[in-house]
Number of protein chains: 2
Amino acid sequence: MLHELICRNVAKHIDLTPAEEAHFSAMLIPHALRRKEFFLQEGEICKHSVFVVKGCLRGYTVDSNGFEHILQFAPPDWWIADMYSLLSGRPGNLNIDALEDSEVLLLAKKDQEQLYHDVPKFERFFRIITENALVTSRQRVLDNLSLSAQQRYEAFCQRYPTLINYLPQKQIASYIGVTPEFLSKMRSELLRRQ
Amino acid sequence: MLHELICRNVAKHIDLTPAEEAHFSAMLIPHALRRKEFFLQEGEICKHSVFVVKGCLRGYTVDSNGFEHILQFAPPDWWIADMYSLLSGRPGNLNIDALEDSEVLLLAKKDQEQLYHDVPKFERFFRIITENALVTSRQRVLDNLSLSAQQRYEAFCQRYPTLINYLPQKQIASYIGVTPEFLSKMRSELLRRQ
DNA sequence: CTCCGCCAATAATCTAGATTAAGAATTAAG
DNA sequence: CTTAATTCTTAATCTAGATTATTGGCGGAG
């Protein structure tokens with residue numbers, strides 16, 4: 001069933017009655033995205049939290065020189081959104097698109113707020129996943145400040161072992177903050193050493 | 001009164017009855033820190049959320065070459081903790097110390113969980129401040145990936161105008177990820193240009 | 001089959017920012 | 001007031017990683 005993955009995702013942190021689960025499920029809007037299709041573009045207002053069921057999305061910005069900087073990959077079982085825009089209701093600077101044909105479930109901001117009201121346990125759920133995301137994000141800030149490109153690549157390999165063989169190197173390079181050429185150089189050095 | 005600042009901080013996001021406020025207040029442990037005194041050191045388990053009433057704390061790591069990398073400053077009205085350690089119950093890699101003589105209020109993890117149980121509105125409060133912290137942290141990741149040192153310094157000046165004249169340049173350099181020498185060079189170039 | 005767009009690899013050159021060193025300016029302490 | 005410690009500045013050299021350019025492989029479209 002379409003909602004099985006997301007319900008298990010929620011059940012990791014809170015217990016729902018069947019009625020609560022049905023109430024939640026009814027709010028979810030299934031949506032399909034083709035490879036390279038945008039879910040959100042810079043300047044738009046983000047009105048949904050997105051849960052990935054199949055495929056892979058990415059959130060990134062484009063700087064003044066046209067270079068992409070990837071903030072987040074979202075493979076199945078992950079949430080993604082332009083949090084700044086979603087929370088503030090103002091235009092964001094994030095682009096979100098699909099790296100391959102994907103299926104997602106959307107939770108509208110208004111429904112999410114309704115859900116907090118109807119089933120307060122969801123305050124807890126989103127508090128916990130936001131806390132985890134914050135820990136990850138802060139670790140990434142520290143990695144960017146304290147590790148070399150080589151070490152950042154190795155850290156990425158350890159943290160996302162499934163993504164490493166799945167994503168084009170170009171995307172990984174953009175996530176860890178190096179050029180594709182330099183990532184290639186690092187990889188060949190790593191291979192030579194082992 | 002000692003708890004006035006923190007109660008206004010909470011009131012920004014949730015409304016409490018006098019009884020709830022008293023219940024919350026009773027959990028807070030006042031604590032004083034001298035300049036350079038550690039609240040938490042690398043390898044310890046973080047058991048409290050810290051709210052700064054007076055002075056200024058900082059959270060940072062020390063890399064394998066002995067260089068400090070500042071993750072967060074906490075002036076009055078801010079929360080700070082080693083979130084990874086606090087959430088996981090495992091030893092963290094963060095150091096937290098006072099940049100000057102400071103006064104803080106501690107909320108023990110156990111009390112915080114009790115509070116979620118007794119006054120569920122606090123789930124909401126901490127969800128919201130965690131969301132805001134996540135937006136800030138992700139913006140910082142993007143700044144580190146896409147901006148030059150110069151631009152990162154200007155962004156810091158805009159975002160923390162009060163801190164800029166208050167903190168030693170050495171600390172600011174460590175936050176934006178450059179050497180004190182290079183920060184000094186950038187500042188003199190900025191002055192020359194204006 | 002071939003033409004074209006995407007991806008990876010390699011190499012030469014270039015630059016932002018680190019490193020090192022040394023002196024000037026502040027601050028704190030006796 | 002004197003000394004010691006810390007912080008800030010300036011300048012010379014050095015390096016990790018960027019930039020630019022070239023090549024080859026590979027899969028899809030006509």
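Residue numbers start from 1 in every chain, and the chains themselves are labelled A, B, ... in the order their sequence lines are given, proteins ahead of strands.
Going from atom CG of Asn165(B) over to atom C1' of dC8(D) covers 15 Å, rounded to whole Å. Counting to the nearest Å, the C1' atom of dT9(D) and the NZ atom of Lys170(B) are 15 Å from each other. The separation between Glu189(A) atom CD and dT10(C) atom C1' is 12 Å, rounded to whole Å. A straight line from CG of Leu190(B) to P of dC8(D) spans 16 Å, rounded to a whole angstrom. The CD-P distance, from Glu68(A) to dC6(C), rounds to 13 Å in whole Å. In this structure, Arg35(B) places its CZ atom 9 Å from P of dT6(D), rounding to the nearest Å.
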What pairs of donor and acceptor atoms, side-chain ones from residues 177-184 of chain A against any protein atom, are under 3.5 angstrom apart with sequence neighbours left out?
| from | atom 1 | to | atom 2 | distance (Å) |
| --- | --- | --- | --- | --- |
| Thr179(A) | OG1 | Phe182(A) | N | 3.2 |

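Residues satisfying the side chain to side chain donor-acceptor pair (under 3.5 Å) test with Gln72(B), not counting sequence neighbours, are none. In terms of the side chain to side chain donor-acceptor pair (under 3.5 Å) criterion, Arg34(B) has no residue partners (sequence neighbours excluded). Partners of Lys36(A) under the salt bridge (Lys or Arg N to Asp or Glu O under 4.0 Å) rule, at least two apart in sequence or in another chain, do not exist in this structure.
For Pro168(A), whose side chain is taken as the heavy atoms from C-beta onward, the closest listed nucleotide among dT9(D), dT10(C), dC7(C) is dC7(C).
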Using the 3.5 Å cut-off, write out each protein N or O paired with an N or O of nucleotides 13-22 of chain D and the distance between them.
| from | atom 1 | to | atom 2 | distance (Å) |
| --- | --- | --- | --- | --- |
| dG17(D) | OP1 | Ala149(A) | N | 3.1 |
| dA18(D) | OP2 | Thr179(A) | N | 3.4 |
| dA18(D) | OP2 | Thr179(A) | OG1 | 3.4 |

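Residue Ala98(B) comes nearest to Leu33(B) through the heavy atom pair CB-CB, 4.0 Å, listed as atom of the first residue, atom of the second, then distance.
Residue pairs that meet the side-chain hydrogen bond (donor to acceptor under 3.5 Å, both in side chains) test with at least one member in residues 126-136 of chain A, sequence neighbours left out, are Arg127(A)-Glu131(A), Arg127(A)-Glu123(B).
Between Lys36(B) and Ser184(B), the residue anchored closer to the 5' end of DNA chain D is Lys36(B), taking for each the nucleotide with the nearest heavy atom.
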